[in-house]
Number of protein chains: 2
Amino acid sequence: MAENLQEQMYQRLREGLLAGRFEPGEALKLRDLAARWGTSPMPVRGALQRLVAEGALEGEPQRSVRVPVITAERLIQLYQVRLSLEGMAAEEGARRLDAAGREQLHACTERMAAALARRDAQGYLYDNSQFHLTLYRASGNPVLLRLIESLWLQAGPLFNRLFRETDLSLFNDFHQHCLDALDQGDPAAARQAIEQDLLHFRSILLGLFEEAVE
Amino acid sequence: MAENLQEQMYQRLREGLLAGRFEPGEALKLRDLAARWGTSPMPVRGALQRLVAEGALEGEPQRSVRVPVITAERLIQLYQVRLSLEGMAAEEGARRLDAAGREQLHACTERMAAALARRDAQGYLYDNSQFHLTLYRASGNPVLLRLIESLWLQAGPLFNRLFRETDLSLFNDFHQHCLDALDQGDPAAARQAIEQDLLHFRSILLGLFEEAVE
DNA sequence: TTGACAGCCCTGTGATCACAAAACAATGAT
DNA sequence: ATCATTGTTTTGTGATCACAGGGCTGTCAA
């Protein structure tokens with residue numbers, strides 16, 4: 001098992017959040033979660049407060065912690081920052097990525113193609129995140145990495161809707177462009193490919209909002 | 001007073017951290033702080049964990065929380081991200097800032113000049129932060145703002161050295177350039193001014209490291 | 001004199017309890 | 001019927017206690 005209970009609770013909540021298992025607007029109550037996981041409310045409290053501090057949940061002082069409801073406006077704001085941060089991480093990562101890292105990225109894209117073929121959105125998204133993460137990690141900037149992960153967590157609650165409502169054919173593949181750029185040693189092109197990928201994803205997510213308005 | 005104790009503890013710790021009242025590498029111990037502020041260890045624990053989650057303190061699982069020691073490498077990484085994020089916030093803020101906001105910025109620069117004249121580094125830095133904050137706030141992007149504040153907190157422990165060791169004549173003033181750009185309605189120029197300001201600050205801080213090596 | 005080991009103390013963690021404020025529901029008046 | 005108000009329940013917060021793991025020190029052997 002892990003070191004301490006609070007860390008376990010945090011991981012479970014984070015995982016559930018990224019998988020979109022919590023409804024936006026849902027109130028996460030201490031004693032409920034504690035009872036469900038068989039612990040005292042104490043470690044759950046810590047885990048929730050940590051997620052609030054990271055911006056993944058929102059909680060006013062004396063009230064229950066809630067899963068944030070993402071508006072289209074907030075989604076745009078989120079992606080404005082993601083574009084800047086992940087663009088930088090991609091460019092810097094492209095400069096420093098070694099052969100082993102490139103191999104990992106190739107493996108990821110192959111698995112993504114396979115997942116796409118078998119219409120497995122969840123698998124696709126998982127390897128997608130792995131692809132981005134390993135590239136960004138190569139940038140060697142932990143400050144940057146922490147912020148990016150924080151942003152991913154904030155977008156998490158939207159992904160459950162992707163699983164259900166999205167046509168898989170919408171998933172385009174800018175990762176191949178990125179790989180080509182990496183093999184040619186062109187960091188600027190790698191950055192551009194990543195930014196294109198993010199923009200494409202953003203438009204898909206924004207599309208979900210327009211459907212919801214109807 | 002405030003709503004709950006944990007929030008008060010958090011504000012006190014944050015303030016002390018930004019003012020550089022804690023030594024880098026210093027271990028912050030629950031019962032010590034609790035006794036000093038006259039509370040139980042519980043709210044202090046929450047406040048410390050929150051600061052760890054925000055990256056302002058570092059704490060391994062079962063060990064005491066410590067004030068991070070900033071290396072030159074980490075400083076460079078920090079400023080790489082600050083440059084990108086605050087540049088974006090400045091440009092967007094410049095686009096949306098209204099007349100009242102511009103008035104506040106003018107007041108800030110006047111106070112900064114006054115502080116400089118009376119050799120008050122602390123006062124200068126305070127109004128400096130206010131200047132940046134009001135400009136960034138005008139960007140209307142809370143996601144961005146949260147990340148920037150998180151980065152400021154990470155650089156906090158360095159500022160106490162500025163108070164003591166730095167020649168005030170080193171403080172240059174790129175804020176006037178920024179104001180000019182704002183009055184002319186030129187967001188790109190405003191961004192450039194802010195970036196110049198950050199780079200200048202960065203070189204001052206890096207200078208402190210070279211002294212320390214001797 | 002120096003190295004290792006054992007003991008104690010210090011420190012973070014988790015559980016239980018007591019409390020206050022907020023959310024909810026039932027009851028009453030208009 | 002609708003809204004305000006009051007009483008009850010729920011829910012987060014803080015304190016105290018019990019526990020376990022790490023670190024430090026003193027002692028003993030080589």
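What you are looking at is a predicted structure, and each value in this text was computed from that prediction instead of being measured. Excluded from the calculations below are hydrogen atoms, water molecules and symmetry mates; all remaining heavy atoms, backbone and side chain alike, are included. The chains referred to below are lettered A, B, ... by the order of the sequence lines, with proteins before strands, and numbering in each begins at 1.
- Within the 4.0 angstrom heavy-atom criterion, only backbone atoms of the sugar-phosphate kind lie near B:Leu5; the bases stay farther away.
- Heavy atoms of A:Arg31 sit under 4.0 angstrom from at least one base atom.
- Using a cutoff of 4.0 Å between basic side-chain nitrogens and carboxylate oxygens, A:Arg63 and A:Glu60 are scored as salt-bridged.
- Remark: the backbone N or O of B:Val81 is not paired with any side-chain donor or acceptor of B:Ser84 at under 3.5 angstrom.
- Protein atom CD of B:Gln62 is 7 Å distant from nucleotide atom P of C:dG14, rounded to whole Å.
- Remark: C1' of D:dT10 and CG of A:Asp32 are 10 Å apart, rounded to the nearest angstrom.
- With D:dG12, C:dG14, D:dA15 as the candidates, the nucleotide lying closest to the side chain of A:Pro43 is C:dG14.
- Between A:Arg63 and A:Met42, the residue anchored closer to the 5' end of DNA chain C is A:Met42, taking for each the nucleotide with the nearest heavy atom.
- Between the side chain of A:Gln196 and the main chain of A:Ala193, no donor-acceptor pair closer than 3.5 Å is present.
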Practice item. Please step through salt bridge (Lys or Arg N to Asp or Glu O under 4.0 Å) for the pair B:Glu7 and B:Arg50, ending with a clear verdict. Key: CA-CA 10 Å; B:Glu7 181 69 22; B:Arg50 179 171 169 190; 3.2 Å; yes
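- To the nearest angstrom, P of C:dT11 lies 17 Å from CD of B:Glu60.
- Atoms CD (A:Gln8) and C1' (C:dT13) sit 13 Å apart, rounded to a whole Å.
- Under 4.0 angstrom from either OP1 or OP2 of D:dG14 there lies no side-chain N or O belonging to B:Ser40.
- Nearest nucleotide to the side chain of A:Lys29, out of D:dG12, D:dT16, C:dT13: D:dG12.
- Contact annotation for A:Leu28: backbone-only contact, meaning every heavy-atom pair under 4.0 Å involves sugar-phosphate atoms and none involves a base.
- Using a 4.0 Å heavy-atom cutoff across all strands shown, B:Arg45 reaches at least one base atom of the nucleic acid.
- Rounded to whole Å, atom P of D:dT13 lies 15 Å from atom OH of B:Tyr10.
- Atom CG in B:Leu57 sits about 15 Å away from atom C1' in C:dG12, given to the nearest Å.
- At a threshold of 4.5 Å between non-hydrogen side-chain atoms, the residues A:Cys178 and A:Ile194 count as touching.
- Between the CE atom of A:Met9 and the P atom of C:dA15 there is a distance of 9 Å, given to the nearest Å.
- The residue A:Gln49 sits close only to the backbone: its heavy atoms come under 4.0 Å of sugar-phosphate atoms, none of a base.
- Protein atom CG of B:Leu30 is 7 Å distant from nucleotide atom P of C:dT13, rounded to whole Å.
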